[in-house]
Amino acid sequence: MGYGSNDSRENAQQTDIGAAVRNGREILFQAFNWESHKHDWWRNLETKVPDIGRSGFTSAWLPPSTQSFAPEGYLPQDIYSLNSKYGSENLLKSLLHKMKQHKVRAMADIVINHRVGTTRGHGGKYNRYDGISLSWDERAVTSCTGGLGNRSTGDNFHGVPNIDHSQLFVRKDITGWLQWLRNNVGFQDFRFDFARGYSAKYVKEYIEGAKPIFSVGEYWDSCNYNGHGLDYNQDSHRQRIVNWINGTGQLSTAFDFTTKGILQEAVKGQLWRLRDPQGKPPGVVGWWPSRSVTFLDNHDTGSTQAHWPFPSNHVMEGYAYILTHPGIPTVFYDHFYDWGDSIHDQIVKLIDIRKRQDIHSRSSITILEAQPNLYSAMIGEKVCMKIGDGSWSPAGREWTLATCGHRYAVWNK
C-alpha cells in the first residue's frame with residue numbers, strides 16, 4: 001500500500017482502529033513546545049499547516065486543548081471547555097478544519113491521569129468537581145491522592161488528585177468525552193499523557209470506545225545507568241514499554257524512550273551502542289517496530305524544560321537514524337521551525353527519501369557497522385545510511401548518494 005491518499009482507505013481507517021498501525025507509514029509531527037501557550041498558538045499553527053502537509057507528516061500532535069489550571073494544559077479541570085491558553089474553541093476548530101483540508105490528522109493530547117478539583121471535599125482537599133462538566137465527587141479520586149476511590153492502578157502524579165479509572169462511572173464519562181473529541185471536535189488520533197499512572201487495560205477500553213485512527217502512549221521511566229553512565233543493555237527498560245503496549249491489547253503504540261536514551265549517548269562517539277547483542281536496534285524499535293514511535297526530543301526532554309535533551313550539535317545524525325529506520329518517526333517542532341531553514345530542509349529531504357523508497361515501520365534492517373565513530377545500516381533492499389565521523393559507503397555501483405550532511409549520509413538504489 002503506497003502513500004497515495006485514496007478516499008476508500010481513509011473511510012476504512014475511520015472505522016478500523018488497527019488500520020494505521022498495520023499500514024505502518026505514519027510520520028508524526030509534535031506541533032508545540034513548552035512555551036507555545038504564550039504565542040497565540042492555534043493561529044500560529046494554522047499558518048504552518050500547508051507546510052506540515054507538504055513535508056509529508058500524516059499526523060500532528062497538538063498540546064492539550066481543554067481548560068487547565070496551568071497554562072501548558074497538563075493540569076486539566078473543565079475538560080469539556082475548549083478555551084485554553086493556546087486559543088479559543090473557534091480558533092481550534094478553524095485549525096482542525098485547515099488540517100483536514102491538507103490531509104494531516106489532528107492528534108489530541110489526552111491528560112486523564114489526574115484532574116484539578118474545584119471545591120474542597122474529604123480531608124479538606126480539592127478533590128471534588130462541583131460547578132463544571134463531569135462534576136465528580138471524591139470517589140473519582142484515588143485514595144493515595146486524597147480521594148475516596150480505590151488505590152491507583154499505576155504510579156502517582158504528585159500534587160494533584162489522580163483519577164480512579166477503576167470506577168465504572170469515571171470510565172463511562174471519560175469514554176464519552178473521548179468520543180466527543182473524536183466525533184464532534186474533529187481529533188482523529190490520541191496521545192496518552194503519563195501512561196504509567198493507570199493500568200494499560202483502561203487505555204485499551206478507551207481506544208475501543210472512541211476508535212481513534214492512531215494512538216501513542218507516553219510510558220516514560222528512567223533508563224538503566226551505572227557509575228560510568230548509561231548501561232549498554234537496556235532490555236529491562238524496553239521490556240516495560242513492550243508490556244504496556246501489550247496491556248493495551250496492542251491497540252496503542254508507545255514512544256520509544258529506550259531508543260532516545262541510547263541514541264543520544266551513541267552520537268557522542270559511542271555508536272557501538274546502536275547494535276544489541278542480537279545484532280538488532282537496541283530500543284523498542286528492535287523488538288516491536290510497528291508499535292515503536294521514535295523521537296529525539298519533546299516538550300519535556302527538550303524545549304525550555306530540557307529535562308533530558310538530545311545533544312544539539314548531533315540532531316541531524318539523530319534524524320538520519322530515525323527517519324531511515326523502522327518504527328514510526330516523530331519530528332519535534334523546535335527542530336523543524338526554530339533551528340533554521342537548513343535543518344528544516346534536511347529533515348524534509350529525509351522524509352522524502354523515506355516515502356519514495358517506501359520505508360515503513362516494519363522495514364527490514366541489517367546493521368553493517370557499529371563502531372565508536374561509525375554506524376551504518378541497510379534498510380529494506382534499497383536504502384543505506386551512515387552516521388558518525390568514520391568514512392563509509394556501500395559497495396557496488398548501483399548505490400547513489402541521496403542526501404548527506406554533517407556526519408550523516410544516505411544512499412539509495
Side-chain angles (χ1 to χ4, degrees), residues 63-84 89 108-185 187 190-212 215-221 243-244 246-249 251-252:
S65 58
T66 53
Q67 183 267 329
S68 163
F69 198 71
E72 300 85 9
Y74 291 98
L75 294 177
Q77 198 167 39
D78 185 353
I79 63 175
Y80 272 101
S81 166
L82 291 173
N83 294 307
S84 71
E89 176 174 355
D109 203 327
I110 306 299
V111 187
I112 49 173
N113 172 74
H114 47 271
R115 186 184 179 199
V116 174
T118 56
T119 45
R120 288 190 175 167
H122 173 75
K125 290 192 156 57
Y126 281 92
N127 51 17
R128 294 180 59 90
Y129 302 92
D130 303 305
I132 55 174
S133 52
L134 302 190
S135 47
W136 298 334
D137 60 21
E138 299 94 324
R139 292 173 304 147
V141 175
T142 61
S143 57
C144 10
T145 58
L148 292 173
N150 297 312
R151 286 194 66 76
S152 175
T153 54
D155 296 339
N156 288 330
F157 187 91
H158 297 290
V160 271
N162 284 219
I163 295 171
D164 180 9
H165 294 263
S166 73
Q167 306 284 353
L168 184 61
F169 76 93
V170 167
R171 295 205 303 281
K172 204 169 144 240
D173 282 349
I174 289 176
T175 300
W177 175 67
L178 293 171
Q179 289 169 337
W180 174 74
L181 288 177
R182 175 81 179 88
N183 302 322
N184 299 71
V185 181
F187 285 103
F190 292 160
R191 177 259 183 190
F192 289 93
D193 179 65
F194 198 69
R196 277 168 46 203
Y198 50 99
S199 171
K201 69 184 181 189
Y202 301 128
V203 173
K204 175 178 191 279
E205 187 175 325
Y206 297 142
I207 291 173
E208 287 171 340
K211 298 183 174 49
S215 297
V216 56
E218 180 206 25
Y219 193 94
W220 181 17
D221 63 7
N243 293 348
W244 182 85
N246 263 322
T248 71
L251 294 179
S252 184

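Remark: the backbone N or O of S84 is not paired with any side-chain donor or acceptor of S65 at under 3.5 angstrom. A donor-acceptor distance shorter than 3.5 angstrom exists from the side chain of T175 to the backbone of R171, with no hydrogens or angles considered. Remark: the backbone N or O of G209 is paired with a side-chain donor or acceptor of Q179 at under 3.5 angstrom.
Distance OH/Y198 to CZ/F157: 12.5 Å, rounded to 0.5 Å. Remark: Y202 OH to I163 CD1 distance equals 13.0 Å, nearest 0.5 Å. Note: W177 CH2 to N184 CG = 13.0 Å, rounded to the nearest 0.5 Å. The line from OG of S152 to CG of D164 is 8.0 Å long, rounded to the nearest 0.5 Å. Separating the CD atom in Q77 from the CD1 atom in I79 is a distance of 11.5 Å, to the nearest 0.5 Å. A distance of 4.5 Å separates CG of D173 from CG of L134, quoted to the nearest 0.5 Å.
With respect to N162, the side-chain hydrogen bond (donor to acceptor under 3.5 Å, both in side chains) criterion is satisfied by exactly one of T142, N113, T153, N127: N113. Checked options I112, D109, V216; the residue passing with F192 is I112 (criterion: side chain to side chain contact (heavy atoms under 4.5 Å, CB included)).
Sorted by first and then second residue, the salt bridge (charged side-chain N to carboxylate O under 4.0 Å, His left out) pairs involving residues 142-162 (not counting sequence neighbours) are D155-R196.
Shortest non-hydrogen contact noted between G117 and P161 is N-CG, 4.3 Å. Shortest non-hydrogen contact noted between F190 and A210 is CE1-CB, 3.7 Å. Here the closest non-hydrogen pair linking E138 and R128 is OE1-NH1, 2.9 Å. In plain terms, the two heavy atoms of G217 and W244 that are nearest each other are CA-CH2, 3.5 Å. The shortest heavy-atom contact between G73 and P64 is O-CB, 3.3 Å. The shortest non-hydrogen separation linking S68 to Y74 is OG-N, 3.8 Å.
Partners of E72 under the salt bridge (Lys or Arg N to Asp or Glu O under 4.0 Å) rule, at least two apart in sequence or in another chain, do not exist in this structure.
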Open item on the list: Would I174 and H165 count as a side chain to side chain contact (heavy atoms under 4.5 Å, CB included) here? Give the steps.
Closed with: CA-CA 9 Å; I174 289 176; H165 294 263; 3.6 Å; yes
- [ ] Please report the C-alpha distance between K201 and E205 in whole Å, then the side-chain angles of each, then the deciding distance to 0.1 Å, and finally whether the salt bridge (charged side-chain N to carboxylate O under 4.0 Å, His left out) criterion is met.
- [x] CA-CA 6 Å; K201 69 184 181 189; E205 187 175 325; over 6 Å; no
- [ ] Go through the steps for V170 and R115 under the test side chain to side chain contact (heavy atoms under 4.5 Å, CB included), then give the verdict.
- [x] CA-CA 12 Å; V170 167; R115 186 184 179 199; over 6 Å; no
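Using a 4.5 Å heavy-atom threshold, the side chains of T145 and N156 count as touching. Proximity of R120 to Y126: side-chain heavy atoms (C-beta onward) are separated by under 4.5 Å at one or more points.
For the residue pair N150/S166, the side-chain donor-acceptor check at 3.5 Å is satisfied. Between the side chains of D78 and T66, no donor-acceptor pair of N or O atoms lies under 3.5 Å.
Taking the six-membered ring for Trp and thresholds of 30 and 60 degrees, H114 and F194 have ring planes more than 60 degrees apart, a perpendicular arrangement. Ring geometry for Y129 versus W136: interplanar angle over 60°, hence perpendicular rather than tilted (30 to 60°).
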